[in-house]
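Here's the structure we're looking at; comments come further down.
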Number of protein chains: 2
Amino acid sequence: MGEVTDNNQALNEREQSILHHVVHNYIQTAIPVGSRYISKHFESSLSAASIRNVMADLEELGFLSHPHTSAGRVPTDLGYRFYIDYLMEMQQLGDDEKLRIHQQLDQTNDADEMLRETSKLLGKISHQLSIVTSPHLSSGIFEKIELIPIASSKLLVVISIRTGIVRTIMMEIGVEVRRDHLDQVGHLLNERLSGLTLHEIRDSFVDRVRDMQSEQTGLIRLFIESVDQLFTDSKERDKVLIGGTKNIIEHPEFIDPKNFRSVIELIENEDIIVHLLEKHDELQKGFVVTIGTENKDETTKEYSFVTAIYDVEGVTGRVGVIGPTRMNYSKVIPLVDYVAQTIAKMLSA
Amino acid sequence: MGEVTDNNQALNEREQSILHHVVHNYIQTAIPVGSRYISKHFESSLSAASIRNVMADLEELGFLSHPHTSAGRVPTDLGYRFYIDYLMEMQQLGDDEKLRIHQQLDQTNDADEMLRETSKLLGKISHQLSIVTSPHLSSGIFEKIELIPIASSKLLVVISIRTGIVRTIMMEIGVEVRRDHLDQVGHLLNERLSGLTLHEIRDSFVDRVRDMQSEQTGLIRLFIESVDQLFTDSKERDKVLIGGTKNIIEHPEFIDPKNFRSVIELIENEDIIVHLLEKHDELQKGFVVTIGTENKDETTKEYSFVTAIYDVEGVTGRVGVIGPTRMNYSKVIPLVDYVAQTIAKMLSA
DNA sequence: TCTGAGCACTCGTACTCATTGAGTGCTTAC
DNA sequence: GTAAGCACTCAATGAGTACGAGTGCTCAGA
């Protein structure tokens with residue numbers, strides 16, 4: 001049980017203790033917890049009536065709420081927040097689970113494939129929706145580019161990043177280009193772009209190739225036109241992988257079909273999630289938890305997001321879970337954290 | 001209205017007509033249709049009682065069934081089958097829809113991206129779950145292979161098929177290999193494998209490279225070990241894209257949460273779908289419809305599958321939809337068919 | 001001033017029971 | 001073969017009731 005700290009002056013010891021019990025119990029059982037229950041099981045020194053008084057105070061302060069008069073108390077988003085920040089004790093991840101994670105992710109050396117596996121796995125273990133983004137290559141350091149002619153008028157561009165991640169883009173080129181011309185251009189690009197981040201390249205590409213125009217005008221012009229496609233994290237390409245629907249709908253909150261629809265909505269409408277992940281990214285912290293209305297979005301007001309960053313030599317992405325605000329944070333947070341670290345290790349290997 | 005043919009001797013004209021009305025109406029409204037309703041709206045020359053007699057016959061023959069005594073009639077799988085094969089009239093696809101399909105799929109020239117768009121689009125237009133498989137490259141004709149060293153110990157293998165489709169595979173190679181060695185091996189492989197199908201290559205690879213062993217033993221051995229990974233349609237890689245969950249759950253059959261779960265199960269457990277698609281593939285017909293229990297799988301006994309093949313110079317894949325057996329076949333079939341044709345065109349362009 | 005026992009009150013849940021109405025099946029007459 | 005009549009079935013709906021968990025408030029005691 002989390003120790004009662006003096007981190008927050010708003011609540012005295014007893015209030016903190018009772019809040020702790022309410023949140024903890026509600027997370028476990030999903031049924032509103034009553035004063036009598038707490039008196040019986042946790043705080044035998046206090047009567048139900050006294051606990052009711054404290055609960056009334058907690059409710060007034062905004063930490064608890066009431067579905068209706070004759071129901072027990074339920075944490076508010078603020079209640080969860082306090083619980084996570086001051087009361088909760090992280091639960092260590094079991095060795096078996098660690099092993100399982102390693103085994104699952106060790107199966108493949110294809111990055112995309114591994115991220116897909118991660119998504120599945122995280123959903124299964126956490127019993128939540130899992131989210132995994134592909135790494136934002138923009139801040140990755142350009143290693144080299146290869147230009148491979150395909151069929152008649154297509155060009156496969158392979159850009160590799162120092163960490164060993166590659167991006168392949170199929171480009172339509174109007175005409176057939178001789179192989180030695182391609183090699184020549186590729187060679188020059190490699191020379192001039194080496195060591196820069198993709199981000200830097202995108203911003204300065206035109207300047208850097210200006211003098212090359214004379215030699216291979218057509219091809220260079222094509223590259224200039226496609227610079228966004230080549231060197232930016234397009235939202236189309238670097239999608240969010242969402243998985244574990246089967247697991248999340250087992251939660252009791254989904255007996256109500258309305259919630260059902262809302263979760264489907266969430267899955268199909270990736271924009272909402274992408275947007276939220278961007279906000280998490282901005283915070284630049286190891287892991288981020290946003291609870292219910294904290295993420296100011298109507299459709300996700302009953303969901304919490306737990307995400308952690310993974311970082312491979314400056315190239316970062318996020319993994320995490322989405323679930324009802326009634327989430328087992330003490331288990332989920334360490335799990336997400338550990339998975340993020342594991343991915344980073346795998347990708348840099 | 002579909003003309004009454006003599007294709008099936010089992011039913012006389014009146015029976016066919018009434019079966020037609022029942023199926024058609026039930027598809028539209030999802031409510032069991034009663035004898036009185038048919039008499040009023042479609043067959044005013046016959047009384048409800050007479051229609052009841054015919055319905056009783058149709059039920060005995062297995063084309064209709066009864067949810068309970070006081071409900072109207074509902075088609076059985078056999079009823080749907082007869083309707084599709086003999087009674088139904090295909091509905092022409094509207095010009096606006098054709099336009100929409102073209103516009104949506106014309107946005108990108110990346111094959112994967114386009115298939116993803118197809119999946120979304122098909123779900124939206126059909127109001128069903130959409131399924132799109134990536135092309136089975138096995139029967140594609142090898143055009144060339146490129147070997148690109150990545151970072152220290154990785155190799156990106158790019159295999160391109162005559163149609164302009166490429167497959168990229170990341171291979172782990174224990175040691176660093178000199179660029180000219182790679183080029184040499186690549187060159188030899190291109191020479192020896194040219195014009196074969198991937199399928200043929202997989203089966204004969206060892207023989208074809210046996211004499212090369214002396215020069216680049218390590219690298220060749222690696223290729224021999226990875227031959228499956230390189231030249232076979234792995235189920236991992238060539239996944240099925242499933243989309244449109246949001247659309248399908250609007251159907252009245254999904255007020256029951258049980259069905260809800262079954263559809264989620266279906267989405268998460270792609271194996272079931274993959275298996276079924278294989279069966280469709282074996283039939284080698286343009287489009288295939290399997291209804292409910294016709295696909296002998298317990299989990300899909302209340303779903304129908306409509307799929308069509310797309311063929312790009314021998315490289316084929318499938319697109320289609322999954323939905324409740326009560327599906328608007330007359331609209332869905334032409335749609336799926338048209339989308340398949342459009343994909344083929346786009347991919348061969 | 002804090003604590004806790006007592007009690008009235010609220011409100012969601014579960015259950016029963018009667019009513020309604022759509023639709024059938026059967027019988028019978030034409 | 002057709003259709004009118006009628007009894008029967010059964011899901012759906014809604015009202016009524018009992019139950020019980022839990023609160024809020026009051027008041028006495030430490």
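Chain naming here is simple, since letters A, B, ... match the order of the sequence lines and numbering starts at 1 in each.
- Nucleic acid contact for S70(A): base, since at least one base atom lies under 4.0 Å from a heavy atom of the residue.
- Set against dG5(D), dG24(D), dT23(D), the side chain of E59(A) has dG24(D) as its closest nucleotide.
- Residues satisfying the salt bridge (Lys or Arg N to Asp or Glu O under 4.0 Å) test with E253(B), not counting sequence neighbours, are R326(B).
- Using a 4.0 Å heavy-atom cutoff across all strands shown, R36(A) reaches no nucleic acid atom at all.
- Using a 4.0 Å heavy-atom distance criterion, A49(B) is classed as a base contact.
- If you check dC26(C), dT2(D), dT10(C) against the side chain of R52(B), the one that comes closest is dC26(C).
- No engagement by S39(B) is indicated, since no non-hydrogen atom pair under 4.0 Å with the nucleic acid exists.
- Remark: the E43(A) side chain and the S17(A) side chain contain an N/O donor-acceptor pair separated by less than 3.5 Å.
- Of all heavy-atom pairs spanning F254(A) and I249(A), the tightest one is CB-O, 3.7 Å.
- In this structure, the CD1 atom of I18(B) is 12 Å from the C1' atom of dT2(D), given to the nearest Å.
- Comparing dA3(D), dC11(C), dT23(D) against the side chain of H66(A) picks out dT23(D) as the nearest.
- Between I31(A) atom CD1 and dG20(D) atom P the separation is 17 Å, expressed in whole Å.
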